[in-house]
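The block underneath contains the structure these notes are about, expressed in structure tokens.
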2 protein chains.
Amino acid sequence: MVVSMDTTFNVDHVFAALADATRRDIVLRALDGSEGVVELAGHFQMSFAAVQKHVAVLERAGLISKERSGRRKVVRTNMEALRLARGLLDEYESLWRGRIDRMTDLITLSKETEA
Amino acid sequence: MVVSMDTTFNVDHVFAALADATRRDIVLRALDGSEGVVELAGHFQMSFAAVQKHVAVLERAGLISKERSGRRKVVRTNMEALRLARGLLDEYESLWRGRIDRMTDLITLSKETEA
DNA sequence: CATGGATACAACCATATGGTTGTATCCGAG
DNA sequence: CTCGGATACAACCATATGGTTGTATCCATG
């Protein structure tokens, strides 16, 4: 499934990007778009380049973007993308819930049969 | 972050498990727990063993489980885990939204400054 | 316009992932 | 108890990921 937006973005990439604690933390920290990659890297144990790579993954997923600010490039969470990602999860969730709902009685029945 | 449940489950694993279209499809198909791995595999192009591996990933993430049913082992989506996963996403979303909300005026201000 | 801080990128390594084929085990049906 | 269908697992391969260090580029500042 592909959700259209500024930069078309990929469900696989979004979930994959979120499947790492460091990256989820970066998304949080970048919400106010006040830090460059150096500052971000300061919060973690790993090397600067490693953080750069994580940032690249998030960027590829469309979850963050970088913009020049004076001498630095500031990392900012893409709120639009975040909302879209969220909507995406909602879609799946409702799909799932839909099926779950349609199934509830069957399950309840079978549970009672088991007992 | 670790959410306690029947089998303690890992955010990284959950997101990673969802970062693949085949696996998301399996989660859907396994909601009614009517198919074994062979039947599931029938829906995809890849080999049986490949599907088995995907199932294993989902199982490790706690999103599905297998239970014997006669000669077969039936794959069933773990609804509890699904709801927990969903709750997890909600948690993140509210965290994010919280920050976003607290930030809205600042952003609006800066936007106006830009204009 | 030269310097240096910030960023980018390349090469390298270890491990994980996603796929294959092949073989082994398990267990209900007959 | 044997047979065969369903499942499991091992070995292998290609590629991706997450980390490292080192080098190159970029550009605002002084």
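We name chains A, B, ... by the order of the sequence lines, and we start the count at 1 in each one.
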Gap separating the CG atom of B:Leu63 from the NE2 atom of B:His13, nearest 0.5 angstrom: 11.5 Å
Derivation of the salt bridge (charged side-chain N to carboxylate O under 4.0 Å, His left out) call for A:Asp12 and B:Arg23: CA-CA 11 Å; A:Asp12 288 19; B:Arg23 287 196 290 264; over 6 Å; no
Hphob cluster co-occupancy, B:Val11 + A:Val11, side-chain heavy atoms under 4.5 angstrom: yes
Rounded interatomic separation in angstrom, taking CD from B:Glu59 and P from D:dT7: 12 Å
Shared hydrophobic cluster, B:Leu31 / B:Leu40 (ILVMFWY, side-chain heavy atoms < 4.5 Å): yes
Residue-phosphate contact under 4.0 Å: A:Lys73 side-chain N/O, D:dC26 OP1/OP2: no
A:Lys73: partners by side chain to side chain donor-acceptor pair (under 3.5 Å), with sequence neighbours left out: none
Of all pairs that satisfy salt bridge (Lys or Arg N to Asp or Glu O under 4.0 Å), the ones with a partner from residues 37-56 of chain B, not counting sequence neighbours: B:Glu39-B:Arg72
Could you list all N or O pairs between the protein and nucleotides 27-30 of chain C that sit under 3.5 Å apart?
residue : atom : partner : partner atom : Å
C:dA29  : O4'  : B:Arg71 : NH2          : 2.7

Residues within residues 34-41 of chain B bordering DNA chain C, heavy-atom distance below 4.0 Å: none
Length of the line joining B:His13:NE2 and C:dA16:C1', which is rounded to integer Å: 11 Å
Distance, rounded to the nearest Å, where B:Asn10 contributes CG and C:dA16 contributes P: 14 Å
Contacts of A:Ala16 that satisfy side chain to side chain contact (heavy atoms under 4.5 Å, CB included) - sequence neighbours left out: B:Ala19
Just list the side-chain donor-acceptor pairs under 3.5 Å for residues 41-49 of chain A, sequence neighbours left out, or say none.
residue : atom : partner : partner atom : Å
A:His43 : ND1  : A:Arg29 : NH1          : 3.3
A:His43 : NE2  : A:Arg29 : NH1          : 3.4
A:His43 : NE2  : A:Glu35 : OE1          : 3.1
A:His43 : NE2  : A:Glu35 : OE2          : 2.9
A:Ser47 : OG   : A:Ala50 : N            : 3.1

N/O to N/O distances under 3.5 Å, protein versus nucleotides 17-21 of chain C:
residue : atom : partner : partner atom : Å
C:dG18  : OP1  : B:Arg23 : NH2          : 3.3
C:dG18  : OP2  : B:Arg23 : NH1          : 3.0
C:dG19  : OP2  : B:His54 : NE2          : 2.2
C:dG19  : N7   : B:Lys53 : NZ           : 2.9
C:dG19  : O6   : B:Lys53 : NZ           : 2.1
C:dT20  : OP1  : B:Ser47 : N            : 3.2
C:dT20  : OP2  : B:Ser47 : N            : 2.7
C:dT20  : OP2  : B:Ser47 : OG           : 2.5

Any residue meeting side chain to side chain donor-acceptor pair (under 3.5 Å) with B:Lys66, in chain and number order, not counting sequence neighbours: B:Glu59
B:Ile64 side, atom CD1; B:Thr77 side, atom OG1 - distance, nearest 0.5 Å: 7.0 Å
